[in-house]
Amino acid sequence: MKQIIDSFYQKKIWVYVLLCFLLLIVTIMSLSIGSSYIPILELLKHLVGLSDGQHEFTINVLRLPRLLLAFFVGASLSVSGLILQSIIRNPLASPDIIGITAGGSVGAMLFIVYIMGSISIHWLPLAAILGATCVAIIVYGLAWSNGVTPLRLVLIGIGVSAAMNAVITLLIVVSETSVTTKAYLWLTGSLYGATVQDVYGLLPWVLCFIPLTFLLAKTISVLELGDSLATSLGVNVQVFRFTLLFVSVALAGSAVAFAGGIGFIGLIAPHIAKKLVGYTLHSLVPIAALVGGLMVMIADLIARTAFLPLDLPAGVFTAGVGAPFFIYLLYKNRHI
Amino acid sequence: MQIIPKKEKQKWIVFIVSILIFIVAFILSISLGQRQIAFSTTLDAIFYYDETVTEHIIVVTSRLTRAVIATVIGTSLAIAGAMMQALTRNPLAAPDIFGINAGAIFFIVLAITLFSVDSLVHYMWIAFIGAAIAALCVYFLGTVGTGGLSPIRVVLSGAAVSALFVSFTQALLVVDEQRIQSILFWLAGSVAGRSMDMLLPILPFILGGGLLSLLLGGSINVFLSGEDVATGLGQKIALLKILIGVVVVLLAGGSVAIGGSIGFIGLIVPHIVRGLVGPDYRWIIPVSAFIGAGLLLLADVVARFLIMPQEVPVGVMTALIGTPFFIYIARRGLS
């Protein structure tokens, strides 16, 4: 018995149990709470297919896609941040702070304003990823001077974000009024009006890149030991780092494409995951994905229900929690 | 002893050139625009105003106002930036980077959406309060820890505070969709479409802040030679810091209340000026004032022509000009 308990603690199974339990609770709450309340019993009946279908529209069309999208977006952003923090070796790195999210927004905005009429919306993630990749390359290149120091990367990322935000403002100002309001809502990071199509649009990216990160995790841990040691252990550091950067950018970019700039998830969720399971990257990837997904789900639940009938963007709540947390991190790392 | 007068002469030349740049930029600003108006007509409009001539009305009510407002904002932001760089000893300090603009805007939008405030005098006071709160936040965040105000930490705190305020502002705007259109152009930073009446109540505060900054020049020089030295020379450092803070809040808050968030002027101008006249704040402040006004006027002129027939908000222009400069300073200052 003791052995089982020990392994339970060592393997941190309790973390998975806890997170899955939370996931279940948040899922039930999200499906039942809203402008119309669905009692839990009714909800369960519906889920097992015993109801008369009166909540079909509310659950299947409105709430479930939104919930799933929130989870996948959060998971993508969180894993993206986790990768960045590892390869930059800086706890302050995250896709929004170094400008990757802003780049994704520019790509998506360009698509919405200029191309959307002629091409299917399914290409939107590609536009966002393209934008995010361009910005990542620009920031990385500008921060390069005999290697990249984390702080220079963060500073230049902040500068490039400012330029990207200027471009976004410009695009909003030149676009038509009907686009403006939509674009503005989207930029804040909102899951409003999520559809099943959105979920299917994001799913391939998540299913492709999060398992890939999981497979690469061991090598990432080697990379964290330092470039020279990693090289001597047989890792092609430059190629590997570039691959990881691309995976991180692709995850952040596709999340941005569907939910806009939900800020600070890529920063906080990996930190919470590290607190929960320590620094072994192998188990960090799934935990970070779960934590990130949960956070966006909770943020969206609050944003959707706290100020009924208003439906606020979830990004407001993630920023409300994330900015103070970022400041706390700055304080904690003050001696670096 | 021979070197000093020579340098002094160079500074006077820079000072006069900066005034000339400002005058040229001002003239360009009132004579160029969507509608072509001959330069002689522009002069006539100013000196022999005739309200039956359409061109005269355009020049006086639209362009002249716009140029005066750009001048006031450019001057304010440049001085505010110079003062902040002195106070924090940080080359990357500027009102927008520290989140002061974002703070002021959040409080104004809050007042507009929740309390239906719509008089400009109220905007102004709210902007001052918002700017002060954001500045205090960043200052305290940046000073915790052992190293005092480390440049990087302050920039990062500023980024966090900005992100927080921007996101709250967005929340308010999403709640109040009808107003997005009218507020947005102003959020992006613009000097167009304001009337003289909007400027007048704020002007005394900005003038006061500007004059105070000119008087502080000498003290700042002593302060910058090190806090120990300054204390030894009998300077009241706490008082000086508070006065600098007041100047920054008056100038940055005031310009946000008129023009919205116009970035990077406060960052770039003091650097250029320091390169030209050296580290003496008695010179940096007045020269920054003229160069700041000139730069914003020129940015505004370019903004009119870039995507005709529409206009680029001038805040977007300054951000696009300013980012390369920010990156240059970040690369140079930290390597």
Side-chain angles (χ1 to χ4, degrees), chain A residues 92 96-97 139 142-143 145-146 149 151-152 154-170 172-174 177 180-181 184-185 187-190 192 261 263-264 303 307 310-313 315-320 322-327 329-336, chain B residues 92 96-97 137 141-142 144-147 150-153 155-168 170-175 177-178 180-181 184-185 187-190 263-264 306-307 310-313 315-320 322-327 329-331 333-335:
Chain A
L92 300 174
D96 32 353
I97 286 168
V139 171
L142 285 171
S145 147
N146 285 328
T149 65
L151 281 173
R152 199 163 47 219
V154 172
L155 271 181
I156 286 175
I158 289 175
V160 172
S161 302
M164 291 303 131
N165 286 327
V167 174
I168 292 170
T169 310
L170 184 62
I172 293 181
V173 170
V174 299
T177 319
T180 310
T181 320
Y184 205 73
L185 186 70
L187 281 173
T188 320
S190 171
Y192 179 77
F264 291 99
F307 297 94
L310 293 174
D311 195 327
L312 294 177
V316 173
F317 291 89
T318 60
F325 185 81
F326 181 72
I327 289 159
L329 279 181
L330 278 174
Y331 177 74
K332 215 179 81 177
N333 295 299
R334 63 191 178 278
H335 302 299
I336 295 176
Chain B
L92 290 170
D96 49 320
I97 290 166
C137 281
L141 290 171
V144 292
T146 47
S150 119
I152 293 150
R153 204 181 308 138
V155 172
L156 289 176
S157 323
V161 171
S162 280
L164 189 66
F165 282 128
V166 166
S167 143
F168 286 169
Q170 285 173 335
L172 289 172
L173 288 180
V174 169
V175 172
E177 281 184 23
Q178 289 86 7
I180 291 185
Q181 272 299 327
L184 193 69
F185 201 74
L187 279 181
S190 169
F264 289 101
L306 217 54
I307 47 164
Q310 278 176 300
E311 282 190 8
V312 180
V316 170
M317 278 302 298
T318 56
L320 294 179
T323 305
F325 200 87
F326 177 89
I327 289 167
I329 301 169
R331 279 182 66 94
L334 297 166
S335 51

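Numbered from 1 within each chain, the chains take letters A, B, ... in sequence-line order.
If you measure heavy-atom distances from F317(A) to chain B, you find no contacts under 4.5 Å at all. Using a 4.5 Å cut-off between heavy atoms, F264(B) touches chain A through its side chain atoms alone.
We find the CE-CG distance between M317(B) and L170(A) to be 10.0 Å, quoted to the nearest 0.5 Å.
Residue A162(A) comes nearest to A319(B) through the heavy atom pair O-CB, 4.5 Å, listed as atom of the first residue, atom of the second, then distance. Of all non-hydrogen atoms in L164(B) and P324(A), the two that sit nearest each other are CD1-CD, 4.2 Å.
Test L155(A), V139(A), I158(A), L142(A) against I327(B) for side chain to side chain contact (heavy atoms under 4.5 Å, CB included) and you get one pass: L142(A).
Residue with the most contacts toward chain B among A303(A), G320(A), G322(A): G320(A) (heavy-atom pairs, distance under 4.5 Å).
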| said: One pair to check against side chain to side chain contact (heavy atoms under 4.5 Å, CB included): L320(B) and V167(A). What are the steps and the verdict? | reply: CA-CA 8 Å; L320(B) 294 179; V167(A) 174; 4.1 Å; yes
